[in-house]
2 protein chains.
Amino acid sequence: MKKKVINLGLAGFGTVGTGLARIIQENSDWINRRLGKELKIQKVLVRDPGKKRSVIPGPETAIVTDPQDLVHDPQVDMVVELMGGLETAHSLIKSALKEKKHVVTANKALLAEKGNELFALAQEQGVGLYYEASVAGGIPIVQTLKESLSGDRIRSLTGILNGTANFILSEMTRKGQDFETALQAAKDLGYAEADPSLDIDGLDAAHKLVLLIRLAYGVDYPLNILPVQGISGASSMDIAMAAEFGCTLKLIAQVREKSGHLQAGVFPALLPNDHILAKVEGPYNSILIDGNAVGQVMLYGQGAGDLPTGSAVLADILALARDNAVPNNTGFLEKVLPRAEVIRPELAVSRHYFRFTAQDKPGVLAAVAGVMSEHNISIAQVVQRESQPQGGGVPIVFLTHKAQAEAVHKALGEIDRFDFTIAPAVHYRILG
Amino acid sequence: MKKKVINLGLAGFGTVGTGLARIIQENSDWINRRLGKELKIQKVLVRDPGKKRSVIPGPETAIVTDPQDLVHDPQVDMVVELMGGLETAHSLIKSALKEKKHVVTANKALLAEKGNELFALAQEQGVGLYYEASVAGGIPIVQTLKESLSGDRIRSLTGILNGTANFILSEMTRKGQDFETALQAAKDLGYAEADPSLDIDGLDAAHKLVLLIRLAYGVDYPLNILPVQGISGASSMDIAMAAEFGCTLKLIAQVREKSGHLQAGVFPALLPNDHILAKVEGPYNSILIDGNAVGQVMLYGQGAGDLPTGSAVLADILALARDNAVPNNTGFLEKVLPRAEVIRPELAVSRHYFRFTAQDKPGVLAAVAGVMSEHNISIAQVVQRESQPQGGGVPIVFLTHKAQAEAVHKALGEIDRFDFTIAPAVHYRILG
């Protein structure tokens with residue numbers, strides 16, 4: 001696209017649509033540095049134009065209620081379908097592709113049902129039908145399978161693909177709650193919809209798995225023959241028993257390849273606690289891929305939400321809006337990148353660990369603690385051990401609260417110069 | 001590239017080069033399905049053409065020793081630089097770009113030093129200089145920062161980017177070994193080179209961090225002003241003390257952004273054990289990204305090795321060899337994807353968890369165990385609890401060894417029909 005302004009036609013202005021609008025507004029300078037073009041939400045298709053909205057799609061955005069107004073507007077360069085549902089979204093995307101407009105969608109249900117038809121149409125028309133946001137929100141799994149692992153044969157893919165179900169199972173596990181209580185908590189926190197059946201019956205994860213199978217194996221796995229089991233039967237007793245055996249209950253979407261044949265399904269399963277997916281908790285998603293070259297690769301992040309999903313939609317928009325004539329080497333347009341503005345490392349703030357080795361005599365701890373206090377370094381924990389044999393001295397370990405590296409280095413320098421100091425202090429920052 | 005055969009000129013045939021050749025041979029059908037073209041290793045540049053090699057680059061590959069023979073050969077469509085080092089690789093890549101050949105490289109040291117010059121040259125020439133394999137082996141971090149998070153502002157990036165250092169610290173932590181013993185183990189297992197100084201002094205991680213800063217922030221962070229501290233001073237005493245405080249020692253590469261300024265460095269640091277990077281062990285790498293839209297995203301995988309790194313090199317080759325005129329929607333060339341060959345779910349093999357609820361009377365356990373035995377299901381663990389109040393029955397939980405789902409379902413059906421069975425069995429597969 002050679003134009004300087006890319007006009008987006010946005011179908012749907014719910015959670016993800018408002019998230020996208022916010023990111024485009026907040027990160028506009030940034031987008032311009034990467035794209036060299038302005039993104040403008042030119043038209044938004046909504047059901048109820050009178051509804052009060054906390055986010056405005058854009059200063060000059062037209063609000064329309066007829067999908068035809070969006071799709072057939074020659075000013076709209078790209079259609080972003082975030083309305084969900086099947087029939088209207090289906091005909092909207094078809095019309096957009098026929099008009100040779102790129103389409104970005106988060107509609108996993110539609111692509112799982114009609115993927116073969118829609119992708120074939122996009123290819124015929126020579127336009128993009130991108131869908132990173134359809135699977136696992138902000139986790140770049142579509143791009144990873146389509147591009148980064150394109151030379152691998154995928155032996156298996158195992159995912160936690162539904163944040164609502166995962167949140168419910170996490171709550172049941174952590175708090176010993178029964179299913180209904182945890183479901184209510186998920187609704188109260190906005191993680192579950194009023195009708196949560198798509199999530200807890202496993203069908204949402206099934207839609208996503210069908211898309212991942214397309215990407216990993218280049219085949220169409222019909223949704224209606226995929227074995228799907230949800231979590232509504234989950235009982236806190238089994239979760240507690242499983243914990244005794246060192247296992248955690250998770251809703252798993254999995255496909256395994258054997259001699260060109262696929263074994264796939266969505267089902268609750270127990271993971272041993274040392275399994276890399278066992279610690280994926282709450283609304284997070286994760287996907288573990290086993291490729292015949294790359295080995296095990298795991299991706300982790302937020303599987304839903306306005307901004308994470310909006311981030312994935314925006315990445316697709318940028319990829320399609322970019323002029324692909326020149327390979328994208330650095331992600332930025334500048335021929336030479338400017339020099340970084342650097343913060344002196346001495347200004348870094350973190351918690352700290354020190355170990356001193358001192359002679360075993362009175363006053364040592366007081367002197368050391370005094371220096372720390374002079375430099376405003378607040379001590380969180382201290383451990384002093386017995387004196388080591390052969391005059392090895394007494395090890396004293398301090399954990400501090402947050403302090404600036406500069407103050408810490410000064411204090412350590414003073415402590416190292418004490419007579420009773422046997423060896424220079426060992427010092428590590430504590431992150432997180 | 002419109003050609004049907006893409007001729008690769010491979011500079012260097014060490015670990016990664018042989019890995020790449022193996023993947024191209026083993027996955028050739030697969031590559032053809034995605035690319036519609038054949039990849040041929042047409043020429044290989046080596047230092048010693050007489051050296052015995054266990055992998056042959058290709059049936060018709062010419063072996064050369066002069067870089068000019070590779071770069072200026074009009075038959076070579078793309079140059080793949082896997083020789084490492086600075087001077088020769090630098091002039092080889094410059095010559096290739098000037099010849100308008102795409103270049104794929106794994107040379108982090110060179111790009112960290114000369115990135116600004118080489119990327120500018122590639123852009124002038126309108127060709128690709130791709131380098132996914134330079135950072136974290138098979139983990140698709142370059143692609144993720146360049147494409148998938150292109151609309152995000154990255155607030156921070158924290159990585160475990162050197163597998164050798166991480167292996168050494170993991171061994172010290174797990175086995176209480178001192179640094180020298182763990183380093184020797186790393187050498188014995190091939191994780192550390194004869195001269196491991198680049199890895200343990202932190203410079204290798206620093207090269208990678210400089211590349212990630214370019215991708216995340218679009219700036220040049222000069223390597224010579226990056227604070228870098230290695231792990232050679234690490235002592236098992238500090239690792240043991242840190243464990244008492246619930247922390248693990250890791251070699252960290254980190255950059256954080258504050259008001260457009262960057263705080264960056266490579267340093268050993270303590271991570272609380274519940275930090276998402278604390279459990280990254282052995283030769284694995286991982287990167288945690290915090291974006292202002294996507295939130296936390298984490299990628300994990302093998303940071304080195306012939307096949308994982310070869311996988312990343314191959315993905316770059318495929319991206320550059322593909323004809324970008326049409327957006328890549330599915331990752332495959334077929335207009336309509338073929339239907340999946342499906343394995344019946346009853347054939348799945350895994351361990352299983354069952355919970356039965358039975359009347360509290362003699363013979364129950366014997367009867368249930370008898371049915372399992374008839375179906376060749378081998379029992380790994382059994383727990384029977386006290387009878388529940390109000391006639392709730394006795395819960396009995398079995399963990400099995402690996403068994404086929406079909407046998408399990410038959411056995412459960414029989415057990416559910418016993419007179420003493422109060423409620424149908426609860427059943428979960430155990431993965432991993």
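Letters A, B, ... mirror the listed sequences (proteins, then strands); counts begin at 1. Only heavy atoms go into these numbers, but all of them, side chains included; no hydrogens, no water, no symmetry mates.
For a residue to count as touching a neighbouring chain, one of its non-hydrogen atoms must lie under 4.5 Å from one of that chain's; by this rule A:L262 touches chain B with backbone and side chain alike. At a 4.5 Å heavy-atom cutoff, A:E257 makes no contact with chain B through either its backbone or its side chain. Contact of A:V342 with chain B is made through backbone and side chain together, with heavy-atom distances under 4.5 Å. Proximity to chain B (any heavy atom under 4.5 Å) is shown, for A:R22, by neither the backbone nor the side chain. With a 4.5 Å cut-off on non-hydrogen atoms, B:D316 does not touch chain A at all. No part of A:L118 comes within reach of chain B, as not one of its non-hydrogen atoms sits under 4.5 angstrom from that chain. Using a 4.5 Å cut-off between heavy atoms, B:E244 contacts chain A through its side chain alone, with no backbone atom that close. At a 4.5 Å heavy-atom cutoff, the contact between A:H261 and chain B is made by backbone and side-chain atoms alike. A:V127 touches chain B through its backbone: at least one of N, CA, C or O sits under 4.5 Å from a heavy atom, while the side chain does not. Residue contact with chain B, scored on non-hydrogen atoms closer than 4.5 Å, is absent for A:E117. Neither the backbone nor the side chain of A:L288 comes within less than 4.5 Å of any heavy atom of chain B. In this structure, the portions of A:A348 lying under 4.5 Å from any heavy atom of chain B include both its backbone and its side chain. Interface remark: A:L431 contributes backbone and side-chain atoms alike to the contact with chain B (heavy atom separation under 4.5 Å). If you measure heavy-atom distances from A:L277 to chain B, you find no contacts under 4.5 Å at all. Within the 4.5 angstrom heavy-atom criterion, no atom of A:L35 approaches chain B. At a 4.5 Å heavy-atom cutoff, the contact between A:A216 and chain B is made by backbone atoms alone.
Here the closest heavy-atom approach between residue B:Q263 and residue A:L347 is recorded as NE2-C, 3.6 Å. Residue B:V294 comes nearest to A:G138 through the heavy atom pair CG2-O, 3.4 Å, listed as atom of the first residue, atom of the second, then distance. Across every non-hydrogen atom of A:Y353 and B:A242, the tightest pair is CE1-N, 4.3 Å.
Taken to the nearest 0.5 Å, the CG atom of B:N328 stands 6.0 Å off from the OH atom of A:Y130. The NE2 atom of A:H427 lies 10.0 Å from the CZ atom of B:F267; values are rounded to the nearest 0.5 Å.
Heavy-atom pairs under 4.5 Å with chain A were tallied for B:L271, B:I31, B:L249, B:I23; the largest tally goes to B:L249.
Ion pairing between B:E341 and A:K258 fails under the 4.0 Å rule for side-chain N and carboxylate O. Between B:E147 and A:R34, none of the side-chain N atoms (NZ, or NE/NH1/NH2) sits under 4.0 Å from a carboxylate O, so this pair counts as no salt bridge. Between A:D220 and B:R339 there is no salt bridge, since none of the side-chain N atoms of the basic residue sits less than 4.0 Å from a carboxylate O of the acidic one.
In this structure the side chain of B:M237 reaches within 4.5 angstrom of the side chain of A:R355, judged on heavy atoms.
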